[in-house]
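Worksheet for the structure shown next.
In what follows, chains carry the letters A, B, and so on, assigned in the order in which the sequence lines appear, proteins first and then strands, with residues in each chain numbered from 1. Everything numeric here is computed off the predicted structure, so don't read it as measured data. Computed over heavy atoms, backbone and side chain alike; hydrogens, waters and symmetry mates excluded.
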Amino acid sequence: MSEGRKLNPRDWRTQPDQAHAAYKSTRLRSQRQPLVPLAEAHTELAAPVFGDGAVAAADSDLTRNAVRNGEPIGERIVVAGRLLDEGGIPIPRALVELWQANAAGRYAHAQDMHDAPLDPNFLGTGRTLTDERGRYRFVTVRPGAYPWLNHHNAWRPAHIHFSVFGTAFAQRLVTQMYFPGDPLLGLDPIFNSTADPHARRRLVSAFSQGLTEPQRALGYEFNIVLRGPLATPMED
Amino acid sequence: MPGQTPSQTVGPFFSEALTPAEAGAGAPGWCLAAEDAPGAAICIRGMLLDGAGDPVCDGMVEIWQADAEGRFPDGTGSFPGFGRSATDEAGEFRFRTIKPGPVSPGSAPHISAAVFARGMLNHAFTRIYFSDESAANARDAVLLAVEPERRETLIAHKEKDGAEPAYRFTIRLQGEAETVFFDA
């Protein structure tokens with residue numbers, strides 16, 4: 001790691017407040033002490049490198065990676081986009097992982113108590129590496145909305161969880177992708193935990209005719225922007 | 001210039017994707033150190049606790065570290081340097097890894113950690129230092145920049161000596177002894 005490598009700071013105007021009263025689970029899990037600046041960050045400016053061994057080609061097609069006796073139920077979709085830094089520079093060979101509920105709004109997870117059917121042919125997890133131009137692509141089904149216990153009649157808007165790595169561990173990001181035009185977005189405390197409406201809009205995918213496959217699947221574009229770029233500090 | 005994508009909580013249902021019980025070869029898991037990995041194998045266990053002191057049973061801890069020589073793995077060797085552990089019903093996470101070497105002159109051996117859970121809208125970065133490195137810890141720039149009374153929250157305590165030492169590292173998300181988290 002070269003001396004003097006430096007990362008743009010996290011832009012807290014674009015990030016959620018850690019304590020967000022409308023999202024009840026933050027009450028006992030949010031930090032109360034201010035974050036401490038790292039005096040040196042050699043470790044956080046390096047990052048794990050995931051090779052082809054971390055993913056199989058089938059891992060990016062959620063309509064096929066858990067098939068037992070048929071195809072998963074639901075509206076088939078393509079979700080694709082680019083992983084970039086703030087300078088617009090693509091991040092190649094980066095691990096992108098996702099997970100989601102099935103078309104009925106139920107996760108294949110032992111703790112999901114929602115009274116909606118499991119789909120024997122859908123696990124709802126996928127992983128891939130970005131290509132040389134920072135692009136990723138998944139095929140899946142559109143997840144359903146589901147209720148949760150945060151407040152009376154609370155429903156999460158349809159969403160897909162994303163986990164991504166950059167070229168510095170400090171760029172690590174876990175986020176959620178939403179769908180355009182969802183009436184639940186305005187009511188969702190997690191989506192609205194970021195105060196800045198422009199930043200929030202970056203969580204909403206865009207319908208893409210270009211990604212849409214004839215006779216096959218609607219396409220949604222979701223680009224992910226990590227803090228950065230890595231810069232050498234200016235002398236002043 | 002595009003702006004940063006906001007973080008969102010990992011939620012309660014990540015484990016099938018991020019910490020599956022049967023992680024395939026090459027997928028990150030809690031065991032970073034194969035039997036033949038060069039360096040001293042160590043075990044790190046700990047609890048993730050919320051502001052009431054209750055265990056967080058649906059959280060995840062990720063670690064990233066240098067190898068025994070203080071070099072960051074580049075994906076070509078057998079030591080990945082990166083691991084993940086979901087917390088169990090007792091709020092416990094665990095790792096088997098290699099004790100890292102110092103990554104720069106004057107820095108104490110440490111592991112970087114990111115903590116995720118339902119109810120955390122951003123993950124939180126901390127560092128794991130070692131109780132049996134007190135001389136190096138006393139010179140480490142990151143530790144020295146932390147208020148003295150809070151440094152203790154960054155120290156993993158050796159609870160078992162021997163061929164494979166075990167350390168305990170408690171992470172408190174909130175409360176009187178809240179762990180130091182960094183604006184990494």
(request) List for me each residue that meets side-chain contact (heavy atoms from CB on, under 4.5 Å) alongside B/Ala136, sequence neighbours excluded, and say none if there are none. (result) B/Ala108, B/Pro109, B/Glu133, B/Arg139
(message) Looking only at side-chain N and O atoms, does A/Arg200 offer a donor or acceptor that is under 3.5 Å from a partner on A/Tyr178?
(response) no
(message) Can you tell me which portion of A/Arg13 sits under 4.5 Å from chain B's heavy atoms? Options are side chain, backbone, both or neither.
(response) neither
Please tabulate, for the side chains in residues 38-55 of chain B, all donor-acceptor contacts under 3.5 angstrom to protein atoms that are two or more places apart in sequence or on a different chain.
from    : atom 1 : to      : atom 2 : distance (Å)
B/Asp50 : OD1    : B/Ala52 : N      : 2.8
B/Asp50 : OD1    : B/Gly53 : N      : 3.1
B/Asp50 : OD1    : B/Asp54 : N      : 3.0

(request) Counting only heavy atoms closer than 4.5 Å, note whether B/Phe182 contacts chain A via side chain, backbone, both or neither. (result) both
(request) Under 4.5 Å, heavy atom to heavy atom: which of residues 146-172 of chain B reach chain A? Give them by number, or say none. (result) B/Val146, B/Arg150
(request) Before accepting this row, confirm whether a basic side-chain N of the pair A/Glu40/B/Arg127 lies closer than 4.0 Å to the acidic partner's carboxylate O. (result) yes
(message) Looking at A/Arg93 and A/Asp52, is any side-chain nitrogen of the basic one under 4.0 Å from a carboxylate oxygen of the acidic one?
(response) yes
(request) Please state whether the side chain, the backbone, both or neither of A/Asp17 comes within less than 4.5 Å of a heavy atom of chain B. (result) backbone
(message) With a 4.5 angstrom heavy-atom cut-off, is it the side chain or the backbone of A/Pro16 that approaches chain B, or both, or neither?
(response) both
(request) Decide whether B/Arg84 and B/Thr19 meet the rule of one side-chain donor and one side-chain acceptor closer than 3.5 Å. (result) no
(message) With a 4.5 angstrom heavy-atom cut-off, is it the side chain or the backbone of A/Phe169 that approaches chain B, or both, or neither?
(response) both
(request) May I ask you to decide whether A/Asp196 forms a salt bridge with A/Arg201, counting only side-chain N to carboxylate O separations under 4.0 Å? (result) no
(message) With a 4.5 angstrom heavy-atom cut-off, is it the side chain or the backbone of A/Ala19 that approaches chain B, or both, or neither?
(response) neither
(request) Could you please state which residues from residues 88-102 of chain B sit under 4.5 angstrom from chain A, measuring non-hydrogen atom to non-hydrogen atom, sorted by number, or 'none'? (result) none
(message) Using heavy-atom distances under 4.5 Å, tell me whether B/Ser107 contacts chain A through its side chain, its backbone, both, or neither.
(response) side chain
(message) Please classify the contact of B/Ala66 with chain A as side chain, backbone, both or neither, using a heavy-atom distance under 4.5 Å.
(response) neither
(request) Under 4.5 Å heavy-atom distance to chain B, tell me which part of A/Gln18 shows up: side chain, backbone, both or neither. (result) both
(request) With a 4.5 angstrom heavy-atom cut-off, could you sort out which part of A/Ser163 is near chain B: side chain, backbone, both or neither? (result) side chain
(request) For the pair A/Asp85 and A/Arg227, find out whether any cationic side-chain nitrogen is under 4.0 Å from an anionic carboxylate oxygen. (result) no
(request) Could you look at A/Trp148 and say if it's the side chain, the backbone, both or neither that has a heavy atom under 4.5 Å from chain B? (result) neither
(message) If I measure from the heavy atoms of chain B, does A/Ile190 come under 4.5 Å with its side chain, its backbone, both, or neither?
(response) both
(message) Any donor-acceptor pair under 3.5 Å linking the side-chain atoms of B/His110 with those of A/Thr43?
(response) yes
